[in-house]
J.: 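Sharing a structure, written as structure tokens. Questions coming.
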Amino acid sequence: VRETLEAVNKGLVDGGFAWTHYWSGFHPAAALFGSPVAGAGVGIDNIAFISWYMFGGGKELYVDLWKEMKMDIKGLMLQPVGPEALGWFKEPINSMADFRKYRFRTPPGIPGQTYKDIGIASVAMGGGDILPALQKGTIDAAEWCCPKPDSVFGFQKVLKHYYLQGLHQVVVNADMYINGKVWRSLTKHQQRAMEVAADASLMRSM
């Protein structure tokens, strides 16, 4: 997934699918479109996010994001999911003091920095690296996604305490990326059809 954006930008592939917050290394605002921070009932939810994106200027800022990243890409937001879980821990979490004892795998960018700001030892790494890091003791707590994807990775083999809902990624949005040259080669009708289909997918996924 890590190479998806650059491969689409360079025209090595016509398009790709990923989550915009993965590109926080290119631009910190990418996290605002892929995983806006704040959960547990205090942050933006899926309905509020889509309202902002569709009717509050969010879509225009999303277009500007690719320009500021200097990516020749047309992004189409497709699928809101969430909220994600807080994560997996060795022992019960009864206070922030308990939470701060852990070296905790978090997403990169704004979500990870948010945890650091409240005193959590936040460590960013890819999904496939989490279980080996837990087994080696490099980290001792982790979040990835949700119950089913987490169980596929096997976190329950190492950690027995699982908490919902997270303080981060109360909305997680997946996107399709189309190479700019390919997009411009489409007719206006084809472009509009894809935009309408993407918006329909976004709202139907609710």
J.: In terms of the angle between their ring planes, are Tyr53 and Phe49 parallel, tilted or perpendicular, with boundaries placed at 30° and 60°?
T.: parallel
J.: What are the two closest heavy atoms between Ala198 and Leu76, and how far apart are they?
T.: CB-CB, 3.9 Å
J.: For residues Leu12 and Glu3, determine if any side-chain heavy atom of one lies less than 4.5 Å from a side-chain heavy atom of the other.
T.: no
J.: Which pair of non-hydrogen atoms, one from Cys146 and one from Glu84, has the smallest distance, and what is that distance?
T.: SG-CG, 4.4 Å
J.: Hey, could you give me the CD1/CG distance between Ile50 and Asn173, rounded to the nearest 0.5 Å?
T.: 7.5 Å
J.: Please give me the minimum heavy-atom distance between Met194 and Ile178, naming the atom from each residue.
T.: CE-CD1, 3.3 Å
J.: Tyr115 side chain to Thr106 main-chain N or O, any donor-acceptor pair under 3.5 Å?
T.: no
J.: Would you indicate whether the side-chain heavy atoms of Ile120 and Met96 approach each other to under 4.5 Å?
T.: yes
J.: Is any side-chain heavy atom of Tyr102 closer than 4.5 Å to one of Glu91?
T.: yes
J.: Given side chains that start at C-beta, do those of Ile139 and Leu134 come closer than 4.5 Å, heavy atoms only?
T.: yes
J.: Which heavy atom of Val8 sits nearest to which heavy atom of Gly16, and what is that distance?
T.: CG2-N, 3.6 Å
J.: Please answer whether the main-chain N or O of Val158 pairs with a side-chain N or O of Gln135 as donor and acceptor at a distance below 3.5 Å.
T.: no
J.: Under the criterion side-chain hydrogen bond (donor to acceptor under 3.5 Å, both in side chains), which of Arg184, Lys67, Lys10 is the partner of Asp72?
T.: Arg184
J.: Looking at Ile47, is its backbone amide N or carbonyl O close enough to the side chain of Ser51 to form a donor-acceptor pair, meaning the two atoms are under 3.5 Å apart?
T.: yes
J.: Hey, does Met71 have a side-chain heavy atom less than 4.5 Å from the side chain of Phe26?
T.: yes
J.: With ring-ring contact (aromatic ring centres under 6.0 Å, His included) as the test, pick out the partner of Tyr177 among Phe17, Trp66, Tyr22, Trp19.
T.: Trp66
J.: Hey, is the main chain of Thr20 close enough, under 3.5 Å, to the side chain of Asp175 for a donor-acceptor pair?
T.: yes
J.: What pair of heavy atoms forms the shortest contact from Asp150 to Tyr162, and how long is it?
T.: OD2-OH, 3.0 Å
J.: Over 60° means perpendicular and under 30° means parallel, so tell me whether Phe33 and Tyr62 are parallel, tilted or perpendicular.
T.: tilted
J.: With sequence neighbours excluded, give me every salt bridge (Lys or Arg N to Asp or Glu O under 4.0 Å) pair touching residues 186-199.
T.: Lys59-Asp199, Lys74-Glu195, Arg192-Glu195
J.: Give a yes or no on whether the ring-centroid distance for Phe99 and Phe104 is below 6.0 angstrom.
T.: yes
J.: Are more than 12 heavy atoms, taken from residues, nucleotides or ligands other than Lys157, located less than 6.0 Å from that residue's NZ atom?
T.: no
J.: Less than 4.5 Å apart, any side-chain heavy atom of Glu143 and any of Pro107?
T.: yes
J.: Under the ring pair (Phe, Tyr, Trp, His ring centres under 6.0 Å) rule, what pairs show up with a residue in residues 116-149, not counting sequence neighbours?
T.: Trp144-Phe153
J.: Using every non-hydrogen atom in the two residues, find where Ala31 and Pro111 come nearest and quote the distance to one decimal.
T.: CB-CD, 4.1 Å
J.: So, the side chain of Arg105 versus the backbone of Met125: is there a donor-acceptor pair under 3.5 Å, distance only?
T.: yes
